[in-house]
Amino acid sequence: MNKNKILNLAKEVGLDEVSLAFLKSKSVSVSLYHHEIDSYENENVDNCIIKGVYLDHFASVSTNKLDEKNLRLSFEEAKLSAAKSEKEEKPIIFAGSPKYKRRNLFNKELDETPLDYKINLIREIENKLEKADPRIINVAGVAYIESSSTSTLINSKGLNLSKGGNYFVIHADVIAKGEDEKSRSYYDFAFGSNLKDFDVDAFVNKIKDGVIAKLDAQSIKSKKYPTILNPKVTSTFLKVLVGWLNAEKVQKHTSKLEGKLNEQVISKKITIVEDPHAKNIFFVPFDDEGVATQKKVLFDKGVLKTYLYNLETAKKDNVNATGNGYGHAVVGIDTSFLMLKPGKKNEEELMKDIKEGVYITEVKGLHSGLDTTSGDFSLEAEGFLIENGKKTTSLSGIAISGNVLQLFKEVKAIASNATLNLGGTSTSSLRIKSLQVSGE
């Protein structure tokens, strides 16, 4: 059925307004274990989320059958549910933004590359990892994952938008044994939309170096240390910090940054930007409510500049939505792509004056060890001891603890090593004044 016929059908049923999100996704994943295909999955999803407004109430239903009969039934279900709804907030069907950014994110070549080529690629990775270093005793798994999606949003106010794209992720997990006879594991991944940009040898060397660096790791004495967080760990804490800009949390008084607009709340070294239009796989032209996304400064030299709004929370505060409404059946608030402005010094320069400190490469136990409301954390960690300005002994059996907001207040410097992370961030290493480390 075409768009106009679908909208006319909703009107015939008696819905005052209607919004439909047509969602299509396709994914394939293949993993190897000891040269055999360990798992293979190929999934296609085709769904439609319908939001119907009736008597100033709305309800959401979904269907994967888009013929006239089933759409009519879905519209009637939405009307009935809306009539029974007790939600006080009036629904908002968005008419559209004045202008939208356009860019094609779908790589046809990636989609058309034969699966055999992709499987052979991870076979090559597995073979090279096995030969990379005699201390690597097991390649615990290599996998290829590819995903593509498109979404089309139409409504009775004339909105008609589409977005989509595709990307791949390759990851590998290895185990090595050191002189102490203890085994250490390490995993890493690469992602993008163009397989031609993927360097097998660089990926293998990165994983080999990562696991070898962890061998013969030791613990250290418990106390506060000057600390450097690598980009991946920085990203973890950055997402918590930005999560407090969620206007719904602010309105419900669960944000640590409530009432702090235009105040300096973290270190002057920190500038964070959300850029949905960055030229990478995280490009998003509009949110799931149809509001155009925009580049915006969240923290400017430590000063909080804005909260993040969907349509509902923006209406409550009498402000414009910021293009951060994500979720189709239930709309929440999220970000697309976050950038921490990098510094000018490299990592070595950040640590050169540290007589004794720690360099943290990984944290674990986020679900149980990090309270995203208070910001308090106590996390198992791995990394390296810093002695006289250089990384030395690898560390394990340690934990770091503190508070996320305090951590960002104590940032002394930011490295120049901006790194793109799969979680939708670009972050660099941070030099923290001190952090509590628990060890021996």
Side-chain angles (χ1 to χ4, degrees), residues 2-11 13-24 47-63 66 71 74-75 78-79 81-82 85 87-103 149-165 245-251 274-277 282-296 306-337:
N2 65 39
K3 179 193 73 170
N4 290 331
K5 191 170 183 179
I6 290 172
L7 295 174
N8 287 334
L9 182 62
K11 189 175 182 180
V13 170
L15 288 171
D16 299 323
E17 293 181 289
V18 67
S19 173
L20 300 98
F22 301 95
L23 312 174
K24 293 178 182 253
N47 196 22
C48 177
I49 306 296
I50 299 168
K51 292 183 179 180
V53 178
Y54 181 66
L55 300 178
D56 276 343
H57 290 82
F58 98 101
S60 177
V61 299
S62 66
T63 180
L66 300 180
L71 278 172
S74 296
F75 290 149
K79 179 182 175 182
S81 297
S85 174
K87 189 173 181 181
E88 294 183 0
E89 291 85 358
K90 290 188 177 182
I92 304 172
I93 301 295
F94 187 62
S97 298
K99 188 177 181 180
Y100 293 91
K101 192 82 171 180
R102 305 288 184 186
R103 189 155 66 86
S149 64
T150 59
S151 65
T152 298
L153 185 64
I154 67 171
N155 67 32
S156 51
K157 288 190 173 179
L159 197 68
N160 187 5
L161 300 170
S162 292
K163 61 182 177 180
L245 306 189
N246 182 321
E248 185 176 2
K249 293 181 180 179
V250 175
Q251 292 167 356
E274 184 191 20
D275 186 4
H277 304 156
F282 303 107
F283 173 85
V284 180
F286 56 90
D287 69 9
D288 292 337
E289 296 183 299
V291 179
T293 54
Q294 55 185 290
K295 182 177 180 179
K296 48 192 172 288
T306 185
Y307 296 126
L308 304 176
Y309 291 91
N310 58 13
L311 289 170
E312 184 176 316
T313 54
K315 185 178 179 181
K316 287 181 180 179
D317 279 1
N318 195 29
V319 297
N320 293 325
T322 57
N324 292 95
Y326 291 100
H328 291 283
V330 178
V331 179
I333 295 173
D334 206 346
T335 55
S336 53
F337 179 62

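Bear in mind that the values here come from a model prediction, so they are computed numbers and not experimental data. Throughout, residue positions are numbered sequentially from 1 according to the sequence presented.
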Do you know which two heavy atoms are closest between [X] and [Y], and how far apart they sit?
| X | Y | result |
| --- | --- | --- |
| Phe283 | Pro285 | CE2-CD, 3.8 Å |
| Phe75 | Ile6 | CE1-O, 3.6 Å |
| Ala82 | Ala59 | N-CB, 3.5 Å |
| Gly323 | Thr293 | O-CG2, 3.6 Å |
| Ser74 | Ile50 | CB-CD1, 3.6 Å |
| Gly290 | Leu159 | CA-CD2, 4.0 Å |

Check whether more than 12 heavy atoms from other residues, nucleotides or ligands sit under 6.0 Å from atom NZ of Lys296, and answer yes or no.
yes

Near Lys3 NZ, under 6.0 Å, is it more than 12 heavy atoms from other residues, nucleotides or ligands?
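Yes, because the 6.0 Å sphere around NZ of Lys3 holds more than 12 heavy atoms from other groups.
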
Student check: side-chain heavy atoms of [X] and [Y] closer than 4.5 Å:
| X | Y | value |
| --- | --- | --- |
| Val291 | Leu311 | yes |
| Thr150 | Phe22 | no |
| Thr306 | Leu245 | no |
| Glu274 | Ser336 | yes |

Residues in salt bridge (Lys or Arg N to Asp or Glu O under 4.0 Å) with [X], at least two apart?
| X | result |
| --- | --- |
| Lys249 | none |
| Lys101 | none |
| Asp334 | none |

Just to verify, what does [X] make a side-chain contact (heavy atoms from CB on, under 4.5 Å) with, not counting sequence neighbours?
| X | value |
| --- | --- |
| Leu23 | Ala21, Ile49, Ser151, His328 |
| Asn310 | Glu289, Glu312, Thr313, Val331, Ile333 |
| Ala78 | Val61 |
| Lys157 | Glu17, Ile93, Ala95, Asn155 |

According to side chain to side chain donor-acceptor pair (under 3.5 Å), who are the partners of [X], at least two apart in sequence or on a separate chain?
| X | result |
| --- | --- |
| Asp317 | Gln251, Tyr309 |
| Lys315 | none |
| Thr335 | none |
| Lys79 | none |

Could you go through the side-chain contact (heavy atoms from CB on, under 4.5 Å) check for Leu20 and Ile154 one step at a time?
CA-CA 5 Å; Leu20 300 98; Ile154 67 171; 4.0 Å; yes

N/O donor-acceptor pair under 3.5 Å between [X] side chain and [Y] backbone:
| X | Y | value |
| --- | --- | --- |
| Asp16 | Leu55 | yes |
| His57 | Ser81 | no |
| Ser60 | Lys51 | no |
| Asp275 | Lys295 | no |

First locate atom [atom1] of [X], then atom [atom2] of [Y], and finally report the distance between them rounded to the nearest 0.5 Å.
| X | Y | atom1 | atom2 | value |
| --- | --- | --- | --- | --- |
| Phe58 | Ser19 | CZ | OG | 9.5 Å |
| Tyr307 | Asn324 | OH | CG | 14.5 Å |
| Asn160 | Thr152 | CG | OG1 | 7.5 Å |
| Leu161 | Phe94 | CG | CZ | 9.0 Å |

Are Gln294 and Thr322 close enough that a side-chain donor and a side-chain acceptor fall under 3.5 Å?
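No pair is found: no donor N or O on one side chain lies under 3.5 Å from an acceptor on the other.
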
Please identify each residue that fulfils ring pair (Phe, Tyr, Trp, His ring centres under 6.0 Å) with Phe337, with sequence neighbours left out.
Phe282

Before you tell me yes or no, could you show the steps for Val53 and Val18 under side-chain contact (heavy atoms from CB on, under 4.5 Å), namely the whole-Å CA-CA distance, both residues' side-chain angles and the distance that decides it to 0.1 Å?
CA-CA 6 Å; Val53 178; Val18 67; over 6 Å; no

